Every structure is written in structure tokens, then in C-alpha cells.
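Taking it in order: structure first as C-alpha cells, then the write-up.
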Amino acid sequence: MTDDQEDPGPLASARTSDEPASGTPEPDPSAPAATAKKKSFGRELLTIVVAAAVLTLLVKAFVIQVYRIPSASMENTLQIGDRVLVNKVVYHVRGIARGDVVVFSGQDSWGPDAPPPPGNPVVRVFDDVLSGLGLHSDQTYYIKRVIGLPGDHVACCTDGKVTVNGVPLDEGQYLYPDNPPSRFTFRAVVPPGHLWVMGDHRSDSDDSRYHLDDPGGGAIPENQVVGRAFLIIWPPSQLRDLPIPTTFQQAALHAGAAGAAVLKGGQVALAVAPAAGSAGILGAPVLLLRRRRRR
């Protein structure tokens, strides 16, 4: 080494032949594993979201659905803006009972009837799928309380009360305050396969009393019932169940064939199926609660 040459120093001697001359750091071998882990997490998250959406649609289509109350014909039981859970499977387990609050379609009774299906078979299948999932419907839905079952004689008024098969109903538990059971008299025999339904706000409810000239003589077809409203879930201040009023548990009401059929499935079957929390997050159909017609 000459005097003009500089000592490279101890660091220079530490360089090995395997070290890149450019000084560029080697890639981290753990980086591909981290990327694969992120992709795996994304796929799992997408799978969970899709599974939850499918489960929600199935629950909404076949088990429980949320409906919104838009008018006053069921006050004070149901207020405008309330959301109710409707059990769609309960009537596969037991029969419809007097006192049930039911959601039903106006098809073949009060109307308006749904338009004819599309001529295009593809569009028709698509509409059927959406309707089955509760995402689309051309039908009009109502919510009322069941007063009479098939074969019942429903009338008003005896001593100021509605009677079913001659048995007076004490409707103070659910009737709108200061409302009479009916402002006019009526008498009807419920046809087979039909139900006589009325709103709790009798002076503001367009119900079976006002449809005597419609198919069914004011009664609605049992096969158009969607399910039983059993729980108010919104607003929180209204959170409560919708039990069958005690007046409908009178033994005399169940003396006939219709009442015996109800009792056969249990003592008026007050129990309800557990609610599914995810049901209805994709939408809340609006119920049309017909207001009273001016006579």
C-alpha cells in the first residue's frame, strides 16, 4: 500500500461476496404471506356478508317480515309510523284465532287486485322471485283484527256491543277511546274460508262493515292472510307484543266448529315464534289501513 492509497477501514473488510454491490436491500420474504393473508380476510368477509344477506332474504320471505303502519285505523293499538313484526309461519302450526291482528292482501276481496303477470316469461320469473323474497309486490296489503271466523254470525249492536254467535264482546281493552263498536248496525254470516275483520279505531276504519257488496260479503279470504302481527319493534317507546285480548277467550265463543278447531291447536295459542333480528333490514312494506268511508 502506497502513501496515496487510503485505508478502506474496518467496514470495508466486513463486506462479503454475497452482498449486492449496489447496496439495495433484499426483499422481505414475509411480504407475500402478508398479502395472501389480506386477500384471505377479504374473501372471508365477503362470504360472511353474502351469507348474511341470503339468510336475511330467506327469513324475510318465509318466516318474519317488518311492516310499517301508515294510518290511524288501528289506533290506539298501532300508531302511525309503528313498525310491526309479522309471523308468516304461525298459521302453518295453528289456525287463525279471533282477536289476532293479521296482515292480508286485498286480492279477491277489497282490492285493488294485482295486474296480470307480464307476458315476457323471463320478466315474469324475475317478478315472482322478487315477490317471493318480499322485495316487490303489485298487491295491496291491509292490517286489521280478526273478529269472526268461518261460519260465525257477527252482528252489532246488542246492548251497544258487537256479538259473535250471540256472545257480546267487551272491546274496551283495544277499542279506540270513546269510539262505539260501530256507528251503524250490521249483521253477517262469515262464509267458509273467510274472516270478518275490523279496525280498532272503528270511526276511522274502512273494514268488513264497508265491503258488504264485495266478494265475500265484506269478509276476506283466509288464503290471502300473510301472517300475524305479534310485536311492535319501532319506535322503542312502543315496544311490546300484541296478545289476543281476553274477551276472545270466552268459552262460549268456542262452542261452534270454528272455535273447536282453534282450541284443538291449544288454548287460543297465545305463544309466538321468536323474532329474527335480521328480518326486514332490506325494507319495510307499507300497509294500507283503509280509513272509514263517508256514508
Side-chain angles (χ1 to χ4, degrees), residues 67 69-78 86 91 95-113 139-158 160-171 173-176 179-229 242 244-245 247-248 253 256-259 261-262 287-295:
Y67 286 84
I69 307 303
S71 72
S73 73
M74 280 295 291
E75 289 180 342
N76 279 333
T77 303
L78 301 173
V86 174
Y91 295 135
I96 299 173
R98 302 182 190 91
D100 281 350
V101 176
V102 297
V103 171
F104 59 94
S105 167
Q107 187 77 20
D108 301 327
S109 58
W110 299 359
D113 289 345
Q139 298 186 19
T140 301
Y141 293 95
Y142 305 90
I143 184 167
K144 301 291 180 186
R145 187 180 298 279
V146 177
I147 303 297
L149 299 176
D152 281 350
H153 294 246
V154 184
C156 188
C157 298
T158 300
K161 294 182 178 182
V162 170
T163 61
V164 178
N165 300 328
V167 180
L169 301 179
D170 184 1
E171 301 186 282
Q173 186 176 350
Y174 55 86
L175 210 59
Y176 188 83
N179 260 201
S182 181
R183 295 190 183 277
F184 57 92
T185 61
F186 64 87
R187 184 177 299 274
V189 177
V190 185
H194 286 69
L195 306 167
W196 185 271
V197 295
M198 299 171 71
D200 290 352
H201 193 172
R202 297 288 163 79
S203 64
D204 199 18
S205 175
D206 186 6
D207 47 43
S208 289
R209 298 170 295 164
Y210 293 93
H211 293 272
L212 300 179
D213 295 330
D214 290 345
I220 58 105
E222 285 184 289
N223 60 10
Q224 294 299 334
V225 172
V226 175
R228 179 192 175 204
L242 297 170
I244 297 177
T247 190
F248 292 100
L253 280 176
V262 174
L287 295 171
L288 180 58
L289 283 76
R290 283 197 167 180
R291 299 173 69 89
R292 177 180 59 85
R293 294 176 179 174
R294 296 190 179 277
R295 293 175 63 83

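Remember, predicted model here, so these are calculated numbers, not experimental data.
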Mind checking whether Ile143 and Val101 have side chains closer than 4.5 Å, heavy atoms only? yes
Would you please test Val226 and Tyr141 for side-chain contact (heavy atoms from CB on, under 4.5 Å) and show each step? CA-CA 9 Å; Val226 175; Tyr141 293 95; 3.4 Å; yes
Dump the intermediate steps for side-chain contact (heavy atoms from CB on, under 4.5 Å) on Ile147 and Leu195, then the final yes or no. CA-CA 8 Å; Ile147 303 297; Leu195 306 167; over 6 Å; no
Once you round to the nearest 0.5 Å, how far does CG of Asn76 lie from CG of Asn179? 9.5 Å
Go through the steps for Glu222 and Ile96 under the test side-chain contact (heavy atoms from CB on, under 4.5 Å), then give the verdict. CA-CA 8 Å; Glu222 285 184 289; Ile96 299 173; 4.2 Å; yes
Answer whether the closest heavy-atom distance between the side chains of Trp110 and Ile220 falls below 4.5 Å. yes
With a 4.5 Å heavy-atom cut-off, do Ser109 and Gln224 have their side chains touching? no
Inspect the contact between Asp207 and Lys144 and indicate whether a charged nitrogen and a carboxylate oxygen are less than 4.0 angstrom apart. no
Please enumerate all residues that pass side chain to side chain contact (heavy atoms under 4.5 Å, CB included) together with Glu75, with sequence neighbours excluded. Ala72, Gln79, Ile80, Tyr176, His201
Between Asp200 and Arg145, is a salt bridge (Lys or Arg N to Asp or Glu O under 4.0 Å) present by the stated rule, with each step listed? CA-CA 7 Å; Asp200 290 352; Arg145 187 180 298 279; 2.9 Å; yes
Out of curiosity, Ser182 OG to Arg209 CZ, how far, rounded to the nearest 0.5 Å? 4.0 Å
Does the separation of the ring centres of Tyr210 and Phe186 fall below 6.0 angstrom? no
CE on Met74 to CG on Asp204, rounded to 0.5 Å: 12.5 Å
Do the ring planes of Tyr174 and Phe248 sit parallel (below 30°), tilted (30 to 60°) or perpendicular (above 60°)? parallel
